[in-house]
Amino acid sequence: MVSVLLVVGVGVAVFVGFNIGGSSTGVAFGPAVGSGTVSKTVAAALMTFFALLGGATVGVNVVETMGGDIVPQDQFTLAASVTVLFFVGLALLVSNLFGVPASTSMTAVGAIAGLGVATDTIDWEVMGEIVTWWLVAPVLAFWVCAVIGRYLYPHMEARFAIESPGEEVTTRERVGGTLVVVIGCYMAFSAGASNVANAVAPLVGSGELALYPGVFLAGGAIGVGAFTIARRTLDTVGSGLTDLPILAALIVEVVSASIITGLSQIGIPASLAVSATMCIVGLGWGRATRTTRLSDAAGAAVSGPGEESSVSVDALADGDRGAPTIGSQKKKVEAAETAATESDGRGATDTDADGGDEEPAGPPAPADVPKIGEEDAEELTAADLFDPAATGRVVMLWIMTPTISAVASYLVFQFLPVP
């Protein structure tokens, strides 16, 4: 007979997977939906398939780490497993209340670590390796994107910037649209690889669920979230990415997903949200520093304070004002559809002939990309795409959530009679 506690545990696991699907779908497919490349239903179907694929392949390594390497499997009684999942659900609640993506992976590891310390069974070598990667991954994300922002982004924008769809779809637009979808699928794969363990690892560790039935349970819950609550997330195109140029959003997705997929491959549970945030910060910082040569910065450091620096943290990748953003892409698609509807039965308008609104300038030609040290600082502050306050909240919760989870878990398992 199925115990009530197991039903509760499965319910909490489904709740965790459901919320992961709701939040991750907007991040993965926000650019594709926002630019009109795919519909919300198609995005949800792709999210479900690739998240499940990621969980069933690379993600099993993370499930094994969280379900038996940090603490022995025999410590995962059914009650202990449900308690750990409770802390993961609590992290999702905190994330929703504060509007900041607190890491469910880090919270789950913190809760498991608290169990291990309370029972004196924690493997400190494994835990040390995990924490080391928690420190390395955000730094790596920052510097990879900083280098891209400083040295590569303007050239990528000039050659590969994704245009908004017009009456005639060019080859460049077809390639760009395909790229947006492919990268969204890769992001979904990474989300599944890192997050499936958060929903079911404790139950798998307890032996109440076998590995692959647990993975399919979590993947199914992620899919339900993708088809339901993710529709609202997709409407806002993932609030943290709405004002990002599409090319910048794709760079952030590729770098952060690659880091998390690599860590999942070696069984390290890590935060996709934290890595993505540091990618955004690094890309903006690298883009902003294009106004200053390294030799000039070194000279200023040696000679002391002089003229004010022209570097601004507000410049992320949209210095060229014609670059389409995720939100603007969606608005342009809707406007084009509205104009087409209104013109039915009336014939074509002569707006262009009368000197109507001009299209905004596109990205510069490859030959026109300014060299480092020659860019205009005022152009690089055109868009406020890096919010220091929001980043501070993410970093604060990045530190606080696993710490609070570990301490609370330790107190629960040390002083309460959890069988």
Side-chain angles (χ1 to χ4, degrees), residues 1-25 44 47-48 51-52 54-56 59-60 62-68 70-97 102 104-105 107-116 118-119 121 191-192 194-230 269 401 405 408-419:
M1 182 177 179
V2 178
S3 69
V4 174
L5 196 56
L6 178 58
V7 172
V8 171
V10 171
V12 177
V14 169
F15 171 78
V16 171
F18 176 78
N19 279 276
I20 289 170
S23 60
S24 298
T25 303
M47 179 70 195
T48 303
L52 184 56
V60 296
V62 184
V63 174
E64 291 173 357
T65 297
M66 295 177 63
I70 300 175
V71 299
Q73 283 190 335
D74 57 17
Q75 295 299 317
F76 283 108
T77 63
L78 183 55
S81 300
V82 173
T83 303
V84 169
L85 286 172
F86 168 79
F87 285 110
V88 178
L90 188 62
L92 289 170
L93 177 62
V94 170
S95 175
N96 291 331
L97 289 177
T104 51
S105 296
T107 302
V109 171
I112 294 171
L115 166 64
T119 58
T121 56
S194 63
N195 282 312
V196 160
N198 299 329
V200 297
L203 292 176
V204 172
S206 70
E208 298 293 339
L209 277 179
L211 177 59
Y212 284 102
V215 169
F216 280 98
L217 173 67
I222 290 174
V224 174
F227 276 100
T228 54
I229 58 175
T401 49
S405 175
S409 174
Y410 169 79
L411 294 175
V412 167
F413 289 111
Q414 182 70 24
F415 299 105
L416 295 181
V418 179

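Shown here are the side chain to side chain contact (heavy atoms under 4.5 Å, CB included) partners of Q414, two or more places apart in sequence or in another chain: A118, Y410. With sequence neighbours excluded, the residues forming a side-chain hydrogen bond (donor to acceptor under 3.5 Å, both in side chains) with T121 are T119, listed by chain and number. Qualifying side chain to side chain contact (heavy atoms under 4.5 Å, CB included) partners for S81, counting only residues two or more places apart in sequence or in other chains: F76, P202, L203, S206. A search for side chain to side chain contact (heavy atoms under 4.5 Å, CB included) contacts involving A408 returns F87, not counting sequence neighbours. For F18, the side chain to side chain contact (heavy atoms under 4.5 Å, CB included) criterion is met by V224, T228, I229, not counting sequence neighbours.
Contact between A226 and M47 at its shortest, heavy atoms only, is CB-CG, 4.0 Å. Closest heavy-atom contact between L85 and A199: CD2-O, 3.2 Å. Between L78 and L6, the shortest heavy-atom contact is CD2-N, 3.6 Å. Considering all non-hydrogen atoms of both residues, V63 and A201 come closest at O-CB, 4.0 Å. Across L52 and V215, no two heavy atoms sit closer than the pair CD1-O, 3.9 Å. Pairing each heavy atom of S105 with each of N195, the nearest pair is OG-OD1, 4.0 Å.
Of the inter-residue distances, the one linking T25 atom OG1 with I20 atom CD1 reads 10.5 Å to the nearest 0.5 angstrom. Taking CG of L5 as the start and OG1 of T83 as the end, the distance is 8.0 Å to the nearest 0.5 Å.
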- Message: With side chain to side chain contact (heavy atoms under 4.5 Å, CB included) as the criterion, how do V204 and E64 come out once you've worked through the C-alpha distance, each side chain's angles and the decisive distance to 0.1 Å?
- Response: CA-CA 8 Å; V204 172; E64 291 173 357; over 6 Å; no

- Item | I222/V196 under side chain to side chain contact (heavy atoms under 4.5 Å, CB included): CA gap, chis, key distance, verdict | CA-CA 9 Å; I222 290 174; V196 160; 4.2 Å; yes

